[in-house]
Amino acid sequence: MYSHKKIEKKWQAYWEKNRTFEAAEDPEKKKQYILDMFPYPSGDGLHVGHPEGYTANDIFARYLRMNGYNVLHPIGFDAFGLPAENYAIKQGVHPKESTEKNITHIREQLLAFGFSYDWSREVTTSSQKYYHWTQWLFLQLYRKGLAYKKSAPVNWCESCQTVLANEQVVSGECERCHTAVVQKKLEQWFLKVTAYAQELLSGLETLDWPAPIKTAQRNWIGKSEGAHISFPIADSHLSISVFTTRPDTLFGATYMVLAPEHELVEKLKKSMTNQYEVEAYQKATQKKSELQRTQLEKEKTGVALGGVYAINPATQENIPIWIADYVVPSYATGAIMAVPAHDSRDFSFAKKYHLPVRMVVCPHYPAPTCPILDEAYEGDGHLVESGKFTSMKNIEAKKAIAESVGGVLHTQYRLRDWLISRQRYWGAPIPIIYCANCGTQEVSEADLPVLLPTDVDFRPTGESPLMRSKKFHRVSCPKCGKRARRESDTMDTFMCSSWYYLRYPSADDAHHPFTQEKTSYWLPVDMYVGGAEHAVLHLLYARFITKALCDMGFLSFDEPFARLRNQGLILGEDGEKMSKSRGNVINPDDIIDAYGADTMRIYIMFMGPLEDAKPWNTSSIMGSRRFLDKAWDIFMKTADEDADAQSSEFLTRLLHKTIQKVTNDIVTFHFNTAISTLMMLLNGMQDAVKKGIPVGKKTKETFLLLLSPFAPHIAEELWESLGHAETLAYRAWPLYDEALLIEDAVTLVIQINGKVRDTMEVAAGISEDEAKKPFKWTLYKNGLQEKKSKKLFLSAEKFSISCVGSLK
RNA sequence: GCCUGGGUGGUGAAAUGGUAUACACACGACACUUAAAAUGUCGCGCCGAAAGGCAUGCGGGUUCGAUUCCCGCCCCAGGCACCA
């Protein structure tokens, strides 16, 4: 047993005093930028899920230092935003105050884990010296037309009293409070992420990121290729523009559908015979939440515009126009051409309302007749009933048909622009001034930061709290000097976190957000570790900002995070997600107090693969603690004379195999198996001690170096006990001797018909033929021939020899 | 519905074509102890006295040999979704 409290405090103080992990730019040395997703300073502090990714990345950072890399491993706090603000309101204190308090607590927690952070570069997004540059970033985007204000239906959360970005709406609910989101038409600030849709998509190819995250981003961007086609409205100068991915089915378009909110509906009201019915349907649609409207398996409804027809430009037929809420206003043109024969949604709608179904793509061409459909046929085939295109393969006719009616090929993305205005207090003010004479004016860079006033009633009411501060919003116009009004919304906190990785290297620079010199040395980030929940939030926004800054010439790279790894959820002991209401939350402070940070680090990595969801099990922690106790015990019991020469060959080989396996496992992020390998080495050392075989100093030192990224405190302490005066954090990582990995003898496994029948020891390196020589003899020896019938003997002619390890 | 993962002992898991269950946890027996804890030793997939047989979600296939590769299905978790 060792005193974790004593030695962990001791080494944390040592690292701090000696600035062990502070990094300096050194052009002579290869750099590695190892980044953690920075935490929200929530009132509950860290729970055991947070340190999982932090520990993994810390092991990697420590490993890289020992391999001679100049490692930047910074940390900070994502301190603006709803969680911090809601917590403050609940506690009845100012967010500034509670945020500072929470940061102090979390900083202590992180220090208690012994993470090798460079604390001199700590960044807090709610500090003036940080949000100054968030505002600067907004201005750069504004000047390039990438930040704009528009009136649009937006997602509104009644409970949070603010608008939300699309990415913050999870199946129709607010991602934070799970209140159903409603649509509101408001004038808001957007960032033009859509301008980068294609680059955000193709950039994924170059990234070493987990496949599920890449897939999530691809789905979110949602690229579709097709065409815009215009359908004239009969007896009118108006027309309906639709986007379709299936222009080949144009001859089968038997009706059209507009979203009930479509602007043409208003214009057509005069001509329609059932205006009252149409308006009733529009009102009913408006009442529905996004959630109700996109409900699964809901029966489709709609209303035809009486007496109004569109003309199918291919067939020149008049076709009816409907409004239906299965067509959404926000995607593409908010209108579709309906081809019931070849689209399942149009098919079920047409069946319900007895609209004609005309098959134009036939799978069995040239069959005399097409089958009668009982569901839409969405596959490929040959065109029928399609004028001069009949008999062509449908995929080959797409472009020709679109162009024959004046259609234009078009690529449509599902991605929408990022809404960044928030009607809340705790965020960076948007640096814009509205003047009655001069219009929208930017705050000049010299006047930044626009300070967030602290003397404001910040409770949310649906209106921006900053509106209540005359001192804040009454300003003079930067252009004409007359009285003007300052923008009173704040920025989405994801705006703050979309660029923080650029700030760390230049954290102490008061005059620039980031400098050329430091940025070009450290960036891009080499390894980024965090939760998968940011798949289409932070990780998409950060990529967008990087690409935009790159195009403006501020950066010379356009992807911020070269490699990404996700940690999985740590579940409660009941296998459920940890939550206060379930009462299954584990506090890391308690675990560190009882077992120590080293034990916690080992356990959390030993639980299973990093990316998997794993249930917490307090009784299992003892296993990790026992491992460290055992190590301590061996070091305390044995003399550290130079006895490596007398050590057993077995132990020497085991040591070198361990070096190889642990090294491979760290670089591939397989920390659980790295630890089990270290356990086997220690078991081997313990056996040797029991048998009176000396365990040499070299062996012990190597063990400590391998252990140190995982359990740095005890490793430092034992390293010191071997007579070293300085930290092992920069000691060279052990190398293994290839020759010692090769076995003299290998075990061959003899299988007959796939079943293990015998094993034998042979010299390594013998040929297969040689290995097979004693085979018949082995058969006799084991009595297989006598025992089994001829049949077995015959089939035994086909035999296989398996080899454990390698014949070589 | 589509796209990702995944399904192995009592539990967390290991093995990515070659002795399935490494490393741990839990459990059991024993030793030490006045006792308990700690520690140590042994055992621990299932059936069987043993020989042996059977086991990696289910059913097929490829192979001398499949947890691993291929085809079909079931179940679990996550993401996307009237997206035209």
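Below, chains carry the letters A, B, ... as their sequence lines are ordered, and counting in each starts from 1.
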Nucleotide forming a Watson-Crick or wobble pair with [N], both distances under 3.5 Å:
{"N": "G1(B)", "value": "C80(B)"}
{"N": "A37(B)", "value": "none"}
{"N": "C42(B)", "value": "G28(B)"}
{"N": "U19(B)", "value": "none"}

Side chain of [X], heavy atoms from C-beta onward: which of [options] has the nearest atom to it?
{"X": "Pro212(A)", "options": "A84(B), A15(B), U4(B)", "result": "U4(B)"}
{"X": "Met680(A)", "options": "C23(B), A81(B), A84(B)", "result": "C23(B)"}
{"X": "Phe606(A)", "options": "A84(B), A13(B), A24(B)", "result": "A24(B)"}
{"X": "Pro609(A)", "options": "C23(B), A13(B), A84(B)", "result": "A13(B)"}
{"X": "Met679(A)", "options": "A84(B), A24(B), G79(B)", "result": "A24(B)"}

### Task
Could you pick out which residue, Ile621(A) or Ala335(A), lies toward the 5' side of RNA chain B when each is mapped onto its nearest nucleotide?
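That would be Ile621(A).
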### Task
Nearest-nucleotide wise, let me know which of Ile213(A) and His670(A) is further upstream toward the 5' end of RNA chain B.
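In this pair, the answer is Ile213(A).
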Under a 3.5 Å distance rule, please check whether [X] uses its side chain to pair with a backbone N or O of [Y] as donor and acceptor.
{"X": "Arg358(A)", "Y": "Phe251(A)", "answer": "yes"}
{"X": "His228(A)", "Y": "Ser241(A)", "answer": "no"}
{"X": "Arg246(A)", "Y": "Lys398(A)", "answer": "no"}

Just N and O in the side chain of [X]: are any of them under 4.0 Å from OP1 or OP2 of [N]?
{"X": "Lys614(A)", "N": "U11(B)", "result": "no"}
{"X": "Gln217(A)", "N": "G79(B)", "result": "no"}
{"X": "Arg414(A)", "N": "A84(B)", "result": "no"}

What about the rings of [X] and [Y], do their centers lie closer together than 6.0 Å?
{"X": "His410(A)", "Y": "Phe243(A)", "result": "yes"}
{"X": "Phe349(A)", "Y": "Tyr255(A)", "result": "yes"}
{"X": "Tyr281(A)", "Y": "Trp322(A)", "result": "no"}

Nearest whole angstrom, please: distance from the [atom2] of [N] to the [atom1] of [X].
{"X": "Asp629(A)", "N": "U39(B)", "atom1": "CG", "atom2": "C1'", "result": "11 Å"}
{"X": "Met622(A)", "N": "A38(B)", "atom1": "CE", "atom2": "C1'", "result": "9 Å"}
{"X": "Glu52(A)", "N": "G12(B)", "atom1": "CD", "atom2": "P", "result": "16 Å"}
{"X": "Arg218(A)", "N": "C2(B)", "atom1": "CZ", "atom2": "C1'", "result": "15 Å"}
{"X": "Arg625(A)", "N": "U39(B)", "atom1": "CZ", "atom2": "P", "result": "10 Å"}
{"X": "Ile570(A)", "N": "A77(B)", "atom1": "CD1", "atom2": "P", "result": "20 Å"}
{"X": "Leu569(A)", "N": "G12(B)", "atom1": "CG", "atom2": "P", "result": "16 Å"}
{"X": "Glu611(A)", "N": "U4(B)", "atom1": "CD", "atom2": "C1'", "result": "13 Å"}

Taking the [atom1] atom of each, how far is [N] from [M], in whole Å?
{"N": "G43(B)", "M": "A26(B)", "atom1": "C1'", "value": "14 Å"}
{"N": "C71(B)", "M": "A77(B)", "atom1": "C1'", "value": "25 Å"}
{"N": "G9(B)", "M": "G57(B)", "atom1": "P", "value": "8 Å"}
{"N": "A37(B)", "M": "G7(B)", "atom1": "C1'", "value": "40 Å"}
{"N": "G17(B)", "M": "C69(B)", "atom1": "P", "value": "8 Å"}
{"N": "U68(B)", "M": "U8(B)", "atom1": "C1'", "value": "12 Å"}
{"N": "A50(B)", "M": "G60(B)", "atom1": "C1'", "value": "35 Å"}
{"N": "A38(B)", "M": "A51(B)", "atom1": "P", "value": "36 Å"}

Remember a base hit wins even if backbone is also touched, and classify [X] as base, sugar-phosphate or nothing at under 4.0 Å, heavy atoms.
{"X": "Asn672(A)", "value": "sugar-phosphate"}
{"X": "Arg626(A)", "value": "sugar-phosphate"}
{"X": "Asn683(A)", "value": "sugar-phosphate"}
{"X": "Gln686(A)", "value": "sugar-phosphate"}
{"X": "Ser620(A)", "value": "sugar-phosphate"}
{"X": "Ser224(A)", "value": "sugar-phosphate"}

### Message
Syn or anti for G9(B)? Use the chi torsion, O4'-C1'-N9-C4 for purines and O4'-C1'-N1-C2 for pyrimidines, with syn inside 90° of 0.
### Response
syn
### Message
Counting only heavy atoms not in Lys399(A) (residues, nucleotides, ligands), do more than 12 fall under 6.0 Å from its NZ?
### Response
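Atom NZ in Lys399(A) is not crowded, with 12 or fewer foreign heavy atoms closer than 6.0 Å.
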### Message
Salt bridge check, Glu375(A) against Lys351(A): does any charged N sit closer than 4.0 Å to a carboxylate O?
### Response
no
